[in-house]
Amino acid sequence: MSITAAVPPATVTTVTPVGTPPVAAAPVLPRQREEPDRRLAAQVHHDLADVALVGLGYVGLPTALAFHAAGSTVIGLDASAARRSSIADGSVDLLPSDHRRLAEALQDPARFTVSADPGRLQDAGAVIVAVPTPVDDHLQPDLSILRAACRTVVEHAVAGQVIILTSTTYVGSTEDLLVRPLRERGLEVGTDLHVAFSPERIDPGNDRHAHEDVPRVVGGVTEACTYEAMRVLGTYAAKLHPVSSPAAAEMTKLFENTFRAVNIALANEVADITRSLHLDVLEIVEAAATKPYGFMPFYPGPGVGGHCIPCDPHYLLWQLKSLRQHPPVISSAMTAIAARPAQVVERVQQVLSAAGRGMRGSSVTVVGVTYKPDVEDVRESPALEIIDGLRRYGVEVGYHDPLVPVLTCHDGTVLHSQPASRAAEVDLVLLHTAHDCLEPAWVERPSLLLDATYRLPAGPTRWTV
Ligand SMILES: NC(=O)c1ccc[n+]([C@@H]2O[C@H](COP(=O)([O-])OP(=O)(O)OC[C@H]3O[C@@H](n4cnc5c(N)ncnc54)[C@H](O)[C@@H]3O)[C@@H](O)[C@H]2O)c1
């Protein structure tokens with residue numbers, strides 16, 4: 001199926017959050033809804049590919065597979081040879097449903113190709129950018145990867161293309177990294193080609209919400225850009241929500257993840273408060289969650305990881321600095337989040353001490369080292385910082401994770417996942433990430449267990465952070 005085909009209005013469903021006024025729902029889509037710009041469409045080699053994905057990571061690959069499953073012809077570009085080969089041999093970290101899609105796509109080379117050649121971008125009707133946007137050691141946005149990817153996209157852009165930026169980034173990125181450079185190349189957005197920002201909301205490892213069912217927010221540079229981007233994304237996404245500009249879409253994503261960061265920081269704080277008051281935090285959260293309005297449950301834990309919650313609010317904080325604006329709630333939430341792994345280390349010390357042991361020479365196994373359950377991703381995982389902190393105290397630290405056979409610590413030390421037999425031998429087991437596939441021995445056998453997930457029932461040898 002070609003994305004240049006007119007989209008039936010039914011597939012472009014706008015959704016409006018409860019309690020907010022409709023956001024420009026009707027007027028945002030111009031007359032082109034019925035009559036797309038045939039002049040532009042004719043200038044692209046649509047017979048070669050409907051869509052090209054730049055970056056086939058946790059976001060880009062499932063998106064590429066969703067397009068392929070919806071009938072599109074897809075080119076996936078990834079700069080990493082290791083990533084391309086793990087896609088080709090099917091060993092890449094994906095949900096089972098996406099693994100099935102990958103197997104089907106790999107059997108269909110006419111409609112699914114993976115390449116490192118940016119020249120292939122010229123073959124695509126639409127280009128979607130999904131490259132990482134991390135922070136550096138000083139928590140400043142590291143835009144080098146995004147800038148390089150956008151430079152490549154601009155360099156290879158052809159008239160008639162629809163370019164959609166999906167990486168989480170600061171407000172104004174679409175304008176700075178795409179619109180202006182395209183104009184400098186002589187391509188006017190809105191007339192020669194179309195550009196929009198549409199943040200990705202995928203939740204790797206979580207198959208409760210099908211990728212297709214998660215609404216996509218879309219903000220085009222012009223109304224025609226919004227329409228064209230919705231037409232592309234509507235190939236697989238069932239619900240689309242237009243906003244007035246790329247900047248509005250960029251800010252929407254930053255707000256979503258900042259909202260989560262602030263609430264996770266609050267949940268951690270409530271866990272500390274309930275411990276002081278000898279109450280069970282889960283009981284409190286679950287009781288509060290019975291309120292049918294005005295409350296959303298968030299759960300405490302050992303900290304946050306991945307490339308979203310620990311990073312995205314820093315894009316906002318960094319941008320606000322240049323406006324001399326200080327948002328105290330977000331700043332303190334991020335400070336508290338950054339301090340959480342150190343608090344876990346302190347708690348290990350307290351629990352060992354209550355059992356008559358010191359840190360130096362004690363053995364601790366950290367169980368589950370990924371930043372969340374059922375994924376192999378250890379980026380920004382609090383486990384890494386906790387392991388570092390424990391080692392600094394002279395603790396003999398090991399780890400167990402069925403999804404991470406080998407772990408490289410921050411100082412370069414390489415550790416190997418310990419077998420379940422170790423559970424009964426170590427002084428303390430720290431449950432950090434509760435994967436579905438964890439062997440019960442890890443929670444049944446330890447003489448001391450510190451639960452940083454707050455999910456286990458209490459017991460005489462079980463403590464919570
Ligand atoms: N992972 C998530 O849960 C999630 C969820 C929503 C949004 N996001 C956002 O989506 C974006 C992508 O995140 P991700 O987790 O998929 O990153 P990732 O690190 O998993 O994947 C990015 C891929 O892009 C490739 N790449 C980098 N530069 C490239 C280039 N110039 N050309 C081609 N390929 C290139 C890398 O090799 C890598 O395989 C980020 O902005 C992130 O914040 C991530």
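Remember, it's 1-based here, ligands and their atoms both numbered in the order they're listed. Note that the numbering runs from 1 along the sequence shown for the chain.
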Exercise. Salt bridge check: are Asp451 and Arg455 linked by an N-O gap of less than 4.0 Å?
Worked result: no
Exercise. Do Phe67 and Tyr236 have their ring centres less than 6.0 Å from each other?
Worked result: yes
Problem set entry | Residue shell around ligand 1, heavy atom under 4.0 angstrom | Val54, Gly55, Leu56, Gly57, Tyr58, Val59, Leu77, Asp78, Ala79, Ser80, Arg83, Ala130, Val131, Pro132, Thr133, Ile145, Ala149, Ser167, Thr168, Glu200, Ile202, Pro204, Lys253, His307, Cys308, Arg379
Exercise. Would you call Arg216 and Glu200 a salt bridge, taking side-chain N to carboxylate O under 4.0 Å as the test?
Worked result: yes
For this session: Answer whether the closest heavy-atom distance between the side chains of Leu165 and Cys150 falls below 4.5 Å.
Result: yes
Problem set entry | side chain to side chain contact (heavy atoms under 4.5 Å, CB included) partners for Glu286, two or more places apart | Leu282, Tyr299
Problem set entry | Electrostatic pair Arg231-Glu228, nearest N-O below 4.0 angstrom | yes
